[in-house]
Amino acid sequence: MATYAIGDLQGCYEPLQRLLSKLKFDPTRDHLWFCGDLVNRGPQSLECLRFVRDLGHRGQTVLGNHDLHLLAIHFGHASPRGSDTISDILEAPDRDSLMDWLRHQPLVHYDAALNWCMSHAGVPPMWSARKARKLAQEVEAVLQNDCQSFFEHMYGNQPDVWDNNLTGPDRLRVIVNYLTRMRFIDASGRLDLVTKEGAGAAPEGFFPWFRHPSRKTRHKRLLFGHWAALEGETGTENVWALDTGCVWGAKLTALRLEDGQRFQVDASE
């Protein structure tokens with residue numbers, strides 16, 4: 001039995017199947033974790049979504065920004081963008097059941113016994129893994145019960161720094177932005193949500209979130225996706241970047257959690 005964590009699929013279903021073949025994945029014994037962004041930009045978002053859902057208890061995913069964008073469109077609070085490739089989902093006969101399943105997925109998966117914590121963009125340095133999971137649950141409760149109100153206020157870059165006293169939509173929005181959109185951060189925890197290049201492109205006063213000198217999760221093992229420009233490298237102990245740009249023609253990556261071994265396939269054969 002093995003557990004494999006896999007980077008952003010973004011509709012790359014065919015490479016996923018080649019990767020699983022390379023892993024000799026056994027759906028009766030093995031488990032798959034996904035770092036979010038199951039959909040969008042790639043050609044087979046519907047197949048990816050159905051596959052992960054149908055894994056049942058053998059699969060675990062967290063929500064990414066593209067997954068939330070799909071849900072916002074489904075619930076009428078956003079319109080498809082020119083680069084979106086999710087029309088197959090929006091026209092699918094099982095659309096409603098897929099969207100109901102998707103909105104019940106977590107933003108953070110934390111296994112304290114195994115000392116692994118997974119979220120789409122990472123864990124901001126001022127939060128412990130337990131706090132990240134607790135704050136994620138605040139968003140999940142609204143998403144699963146009052147999602148219309150949630151999506152009405154989800155988009156936006158403000159507030160850009162955490163404050164325990166935040167309430168309402170501002171509190172939920174900044175939690176979502178940390179967990180699904182974060183790349184660069186300053187010493188106070190303020191987000192830069194504009195810069196998308198690699199770790200060396202940090203704006204003045206900012207640095208990659210995982211290099212914060214006082215990061216509270218430095219003794220936890222963290223998995224994240226979202227940041228393809230890192231090319232899978234963080235240079236930081238216990239922090240694994242799994243988005244290796246499959247949707248951009250690079251590679252799809254899996255990490256075996258039992259021993260830290262990486263497996264990859266090219267985006268195209």
Side-chain angles (χ1 to χ4, degrees), residues 3-12 15-16 19 22-23 32-42 60-67 106-111 114-125 127 129 132 136 177-185 189 191-203 206-213 215-267:
T3 300
Y4 300 95
I6 298 178
D8 303 26
L9 296 182
Q10 293 197 245
C12 296
L16 171 63
L19 180 60
K22 186 173 185 175
L23 300 176
L32 299 178
W33 292 11
F34 295 89
C35 287
D37 277 4
L38 303 180
V39 303
N40 211 6
R41 302 281 172 80
Q60 176 66 61
T61 191
V62 291
L63 291 169
N65 51 302
H66 284 283
D67 306 317
L107 284 159
V108 173
H109 177 62
Y110 177 42
D111 190 320
L114 295 177
N115 196 34
W116 283 105
C117 183
M118 178 175 69
S119 59
H120 179 60
V123 177
W127 297 351
N177 285 345
Y178 277 118
L179 296 176
T180 70
R181 298 177 62 201
M182 174 177 63
R183 291 184 179 93
F184 295 106
I185 205 163
L191 288 161
D192 169 60
L193 293 172
V194 176
T195 310
K196 299 182 179 181
E197 290 80 17
F206 287 78
F207 38 80
W209 63 267
F210 45 82
R211 294 183 184 167
H212 193 288
R215 182 168 57 86
K216 291 188 175 182
T217 52
R218 60 190 178 276
H219 299 303
K220 302 295 181 183
R221 295 187 290 185
L222 304 184
L223 300 164
F224 72 103
H226 183 59
W227 201 346
L230 293 176
E231 299 180 344
E233 299 297 331
T234 68
T236 303
E237 186 178 8
N238 290 334
V239 182
W240 283 265
L242 294 182
D243 182 4
T244 46
C246 185
V247 76
W248 306 115
K251 297 180 183 295
L252 185 65
T253 295
L255 180 76
R256 189 162 58 200
L257 300 190
E258 286 76 12
D259 60 8
Q261 184 174 349
R262 283 180 182 257
F263 303 84
Q264 293 184 319
V265 296
D266 291 333

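Just so it is clear, the structure is predicted and the values come from calculations on it, not from any experiment. Sequential numbering from 1 along the given sequence is applied to the chain's residues. As a basis for the values below, the full set of heavy atoms in this structure was taken, side chains included, without hydrogen atoms, waters or symmetry mates.
Partners of A199 according to the side chain to side chain contact (heavy atoms under 4.5 Å, CB included) rule, which considers only residues two or more places apart in sequence or in another chain, are P208, R211, L230. With sequence neighbours left out, the side-chain hydrogen bond (donor to acceptor under 3.5 Å, both in side chains) criterion links T3 to no other residue. Scanning for side-chain hydrogen bond (donor to acceptor under 3.5 Å, both in side chains) contacts around R41 gives S83, with sequence neighbours left out. Annotation: ring-ring contact (aromatic ring centres under 6.0 Å, His included) contacts of W33 (sequence neighbours excluded): H109. By the ring-ring contact (aromatic ring centres under 6.0 Å, His included) test, F207 pairs with H212, sequence neighbours left out. Under the rule for a side chain to side chain contact (heavy atoms under 4.5 Å, CB included), the partners of C246 that lie at least two apart in sequence or sit in another chain are C12, P15, L252, A267. Qualifying side chain to side chain contact (heavy atoms under 4.5 Å, CB included) partners for L114, counting only residues two or more places apart in sequence or in other chains: D111, W116. Listed by chain and residue number, T195, E197 satisfy the side chain to side chain contact (heavy atoms under 4.5 Å, CB included) test with A201 (two or more places apart in sequence, or in another chain).
To the nearest 0.5 Å, atom CG of residue L255 and atom CG of residue L223 are 6.5 Å apart. Atom SG of C117 is separated from atom CH2 of W127 by 11.0 Å, given to the nearest 0.5 angstrom. From L32, atom CG reaches atom CG of L23 across 7.5 Å, with rounding to the nearest 0.5 Å. Here the CG atom belonging to L222 is positioned 4.5 Å from the OG1 atom belonging to T217, to the nearest 0.5 angstrom. Here the CG atom belonging to D67 is positioned 5.5 Å from the CG atom belonging to D37, to the nearest 0.5 angstrom.
For the residue pair L179 and P124, the shortest heavy atom distance occurs at CD2-CD, 4.4 Å. Taking all atoms of both residues into account, the shortest heavy-atom contact from A129 to K220 is CB-CG, 4.3 Å. Of all heavy-atom pairs spanning V108 and S119, the tightest one is CG2-CB, 4.1 Å.
Remark: the backbone N or O of A132 is not paired with any side-chain donor or acceptor of Y110 at under 3.5 angstrom.
Put simply, the side chain of V123 does not reach to within 4.5 Å of the side chain of F224, judged on heavy atoms. Side-chain contact between M182 and L191 is present, with heavy atoms from C-beta onward closer than 4.5 Å. Side-chain contact between R215 and W209: present, with at least one pair of heavy atoms (C-beta onward) separated by less than 4.5 Å. Between P125 and R218 the shortest side-chain heavy-atom distance does not fall below 4.5 Å. Put simply, the side chain of R262 reaches to within 4.5 Å of the side chain of W240, judged on heavy atoms.
The stretch residues 242-260 participates, sequence neighbours left out, in these side-chain hydrogen bond (donor to acceptor under 3.5 Å, both in side chains) pairs: T244-T253, K251-D266, T253-Q264, R256-D259, R256-Q261. For residues 227-238, there are no side-chain hydrogen bond (donor to acceptor under 3.5 Å, both in side chains) pairs, not counting sequence neighbours.
Exactly one of T61, V62, L242 qualifies for a side chain to side chain contact (heavy atoms under 4.5 Å, CB included) with M118. That residue is V62.
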Distance-only criterion, 3.5 Å: show the donor-acceptor pairs between side-chain atoms of residues 4-11 and protein atoms not counting sequence neighbours.
residue, atom, partner, partner atom, Å
D8, OD1, H226, N, 3.3
D8, OD2, H226, N, 3.1
Q10, NE2, N40, O, 3.2

